[in-house]
Amino acid sequence: MADLSQIVKAYDVRGVVPDQWDEETAELFGAAFVRVTEAPAIVVGHDMRPSSPGLARAFAQGAASQGADVTEIGLCSTDQLYFASGQLDKAGAMFTASHNPAQYNGIKMCRRGAAPVGEDTGLAQIRSLVERWLDAGGAPTGDTPQGAIGQRDMLEDYAAYLRSLVDLSGIRPLKVVVDAGNGMGGHTVPTVLAELPVELDAMYFQLDGTFPNHEANPLDPKNIVDLRHRVLQTGADIGLAFDGDADRCFVVDERGEPVPPSAITALVASRELAKAPGATVIHNLITSRAVPEVVRESGGAPVRTRVGHSFIKAEMARTGAIFGGEHSAHYYFRDFWNADTGMLAALHVLAALGGQEGTLSQLVARYDRYPSSGEINSTVEDQFNRTNAVKAVFAGSEGVTIDELDGLSVTGVNWWFNLRPSNTEPLLRLNVEACDTETVERIRDEVLAIVRAETERDAQA
C-alpha cells in the first residue's frame, strides 16, 4: 500500500512514481478530492513529465466516479491551471512536481476560484479518505451518476487574459532570452509573448520531463549559468528563467547578473500600487527589507507573513491585498484570483524595462538595496535545539529584537536574519541581510557556527 505520509506534504502531493504512488492512487485522490471539496465540476491539467498524462487521466476518472464533471485542459503551466480554475469557477488539480527531478510527480489542488487546498483546508481529510479506501480496496460509488469528462484548450484565453492586465503596447523593442528548462515555459511563453515587440531567443523550449539540459530549478545558481552566458553573448536586454511548471520566474539583467526576487517584488509592487494607491502588499518574512520600504514609499501598506503560498493567499484574501511576493520568486496578484503567476510578473518587468531607455540593472538599482546571504541550508537532525541555541546567544543583546512568526527572526540595528526549519527535510534554512557585505558575512558565520556545532563534533568523533 502507498505510504501517503511520505508523499502528502503541507500543501500538495509529491513523490516518486511508481515507487511511492501510481495511477491507482491518483484515481483515489480524484474521488477523495470531490468528496471533500463537494465540487460539482473540476478542471484538470498536467505538465510534460512522462507520468503526468496517465496520472491526470486517472484523477479525472476518480473525480467523475463521484459525480463531478471534469474539464481536461491537457498540457499547461500551474498558473494556467489557476487561470482555468478562476475563469471557469471550478475546483482544479494540476499534475506536476515543479522543479523536482524527473522521477517525481505530484498534485497541486485548489478549490473554485483558485483558492488553496492546504493541510488545514482539506488536504488532511483527502489523505485520510485515500488511506481508508486503499485499505478497503477502492472508493465507493453508491448511486452517484457518473460525471462527464471533456476537453478544452485554455492556452489562448490564458495568454490574452495576462496581456489584458499589463499594457505593453508602447514599449520599445526588447531582446529577451528565455530559458524554459524543457519545462512548461516552452509551451506558454511563445503564445503569451506573441505579437509583442519582443525578439525572443528561446532556450530549451522542447518539452522533456527528463530535463536533459539542466534541472528546471532556477533558484539553484548552477541552473541559470547557460542563460547568463546567452544574455552576455547576444547582448540581450533581459533573461528570464522558468521552473518546471512555469509558475515561478527568475530574472537576469543585461550584465548576466541575477536580479533578486525581492527586487522584482518591490518593482512589481510599485507598479501595482500606481494603479491602486493605498492598497496592501503582502511579503513573506524572508524578503528584503527593501520591499516594505518601497511599498511605503509608493503609498501602500506592507503586511508581513509566513513563508508558503497558503499563508500568502489567505492573507491576501483577508486584507484584500493587490499583490504579494516571496523570496522564492512566487508572485501573487489580486487580479489573478490571489494565485501566483511568474508569467504575469515577467510581463510587468518587460513593461517597466521597455517603458524607459535605461538598462535593467539601472532600473532595479532602486529596489535592490541591501547585501544578503541568500538561503543557506544546514543538515540538522535536532532542528528545535539548534534553533534554541541560536536564540540563546542573541536574546537579550542590546538593540536586538526577536520574533517567531516563522522559525526564528532576529533583528539588529543594521542587520537581520531568519532561521527556519524545512517542513519536509532535516534542514535549517538561514537568510541574512545587512547594510553591508562585511556584516552579512559576520552574522552568517556566527549563526552557522552555532547551527553546525553538533554536526561538526559528530564528524570529528
Side-chain angles (χ1 to χ4, degrees), residues 1-15 17-18 20-46 51-73 76 78 81-82 84-97 105-152 309-310 313-314 317 337 339:
M1 188 182 82
D3 183 1
L4 300 190
S5 66
Q6 297 298 312
I7 66 170
V8 181
K9 307 303 182 185
Y11 313 117
D12 59 21
V13 178
R14 197 168 299 175
V17 179
Q20 292 180 297
W21 71 299
D22 53 20
E23 292 181 13
E24 179 184 357
T25 314
E27 185 170 350
L28 294 180
F29 270 108
F33 178 66
V34 170
R35 284 285 188 96
V36 171
T37 62
E38 299 180 339
I42 70 170
V43 58
V44 178
H46 63 81
S51 61
S52 289
L55 292 170
R57 170 45 66 99
F59 185 97
Q61 290 170 338
S65 75
Q66 303 301 307
D69 291 329
V70 181
T71 301
E72 295 179 318
I73 63 171
C76 66
T78 291
L81 186 281
Y82 291 150
S85 173
Q87 190 77 1
L88 302 178
D89 196 28
K90 296 179 180 181
M94 173 68 186
F95 279 78
T96 180
N105 216 324
I107 322 170
K108 295 182 178 181
M109 293 172 277
C110 62
R111 295 176 184 267
R112 292 167 55 180
V117 174
E119 183 71 15
D120 299 326
T121 55
L123 190 56
Q125 293 172 273
I126 293 169
R127 176 178 58 221
S128 177
L129 203 52
V130 173
E131 287 173 336
R132 191 159 76 242
W133 288 342
L134 282 169
D135 284 335
T141 56
D143 298 327
T144 304
Q146 182 82 8
I149 300 178
Q151 291 75 41
R152 178 170 177 176
H309 80 268
S310 65
K313 290 176 180 177
W337 300 276

Task: Steps toward side chain to side chain contact (heavy atoms under 4.5 Å, CB included) verdict (V70, Q61) - done: CA-CA 8 Å; V70 181; Q61 290 170 338; over 6 Å; no

- [ ] Go through the steps for W21 and V130 under the test side chain to side chain contact (heavy atoms under 4.5 Å, CB included), then give the verdict.
- [x] CA-CA 12 Å; W21 71 299; V130 173; over 6 Å; no

TODO: Kindly indicate, with the supporting measurements, whether the criterion side chain to side chain contact (heavy atoms under 4.5 Å, CB included) is fulfilled by C110 and Y82.
DONE: CA-CA 8 Å; C110 62; Y82 291 150; 4.2 Å; yes

TODO: Check step by step if side-chain hydrogen bond (donor to acceptor under 3.5 Å, both in side chains) holds for T71 and K90.
DONE: CA-CA 9 Å; T71 301; K90 296 179 180 181; 2.9 Å; yes

- [ ] Let me see the working for Q87 and W337 under side chain to side chain contact (heavy atoms under 4.5 Å, CB included), right down to the final yes or no.
- [x] CA-CA 9 Å; Q87 190 77 1; W337 300 276; 3.7 Å; yes

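By the salt bridge (charged side-chain N to carboxylate O under 4.0 Å, His left out) test, E119 is found to be paired with R127, residues two or more places apart in sequence or in another chain being considered. Applying the side-chain contact (heavy atoms from CB on, under 4.5 Å) criterion to A58, with sequence neighbours excluded, gives E23, A26, E27. Shown here are the salt bridge (charged side-chain N to carboxylate O under 4.0 Å, His left out) partners of R14, two or more places apart in sequence or in another chain: D12. With sequence neighbours excluded, the residues forming a side-chain contact (heavy atoms from CB on, under 4.5 Å) with E24 are D22, listed by chain and number. Partners of T78 under the side chain to side chain donor-acceptor pair (under 3.5 Å) rule, at least two apart in sequence or in another chain, are D245. Listed by chain and residue number, R112 satisfy the side chain to side chain donor-acceptor pair (under 3.5 Å) test with D89 (two or more places apart in sequence, or in another chain). Under the side-chain contact (heavy atoms from CB on, under 4.5 Å) criterion, R132 pairs with S128, L129, not counting sequence neighbours. Among residues two or more places apart in sequence or in another chain, the salt bridge (charged side-chain N to carboxylate O under 4.0 Å, His left out) test is passed with K313 by D340. Considering only residues two or more places apart in sequence or on other chains, F33 meets the ring pair (Phe, Tyr, Trp, His ring centres under 6.0 Å) condition with F59.
Residue V36 is tested with I126, L123, T121, V117 for a side-chain contact (heavy atoms from CB on, under 4.5 Å); the sole match is I126.
With rounding to the nearest 0.5 Å, the separation of CD1 in I42 from CD1 in I149 is 8.5 Å. From L4, atom CG reaches atom OG1 of T25 across 7.0 Å, with rounding to the nearest 0.5 Å.
Listed for the S65 side chain is a donor-acceptor partner under 3.5 Å among the backbone atoms of G62. With D69 contributing its side chain and A41 its backbone, the two residues share no donor-acceptor pair below 3.5 Å.
Looking at every heavy atom in both residues, A84 comes nearest to V43 through CB-CG2, 3.9 Å. The shortest non-hydrogen separation linking V34 to A68 is CG2-CB, 3.7 Å. Nearest heavy atom pair, residue I107 against residue A93, reads CG2-CB, 4.0 Å.
In this structure, F29 and V8 have side chains that are in contact, with non-hydrogen atoms separated by less than 4.5 Å. Taking the side chain as every heavy atom from C-beta outward, H46 and T96 never approach each other to under 4.5 Å. Residues I73 and V44 fail the side-chain proximity criterion, which asks for heavy atoms closer than 4.5 Å.
Pairs of residues two or more places apart, or lying in two chains, never qualify as ring-ring contact (aromatic ring centres under 6.0 Å, His included) while including a residue from residues 118-146. For residues 51-60, the set of pairs meeting the side-chain hydrogen bond (donor to acceptor under 3.5 Å, both in side chains) definition, not counting sequence neighbours, comprises D47-S52, S51-N105, S52-N105, R57-E72. Within the structure, side-chain hydrogen bond (donor to acceptor under 3.5 Å, both in side chains) pairs that include any residue of residues 28-42 comprise R35-Q66 (at least two apart or interchain).
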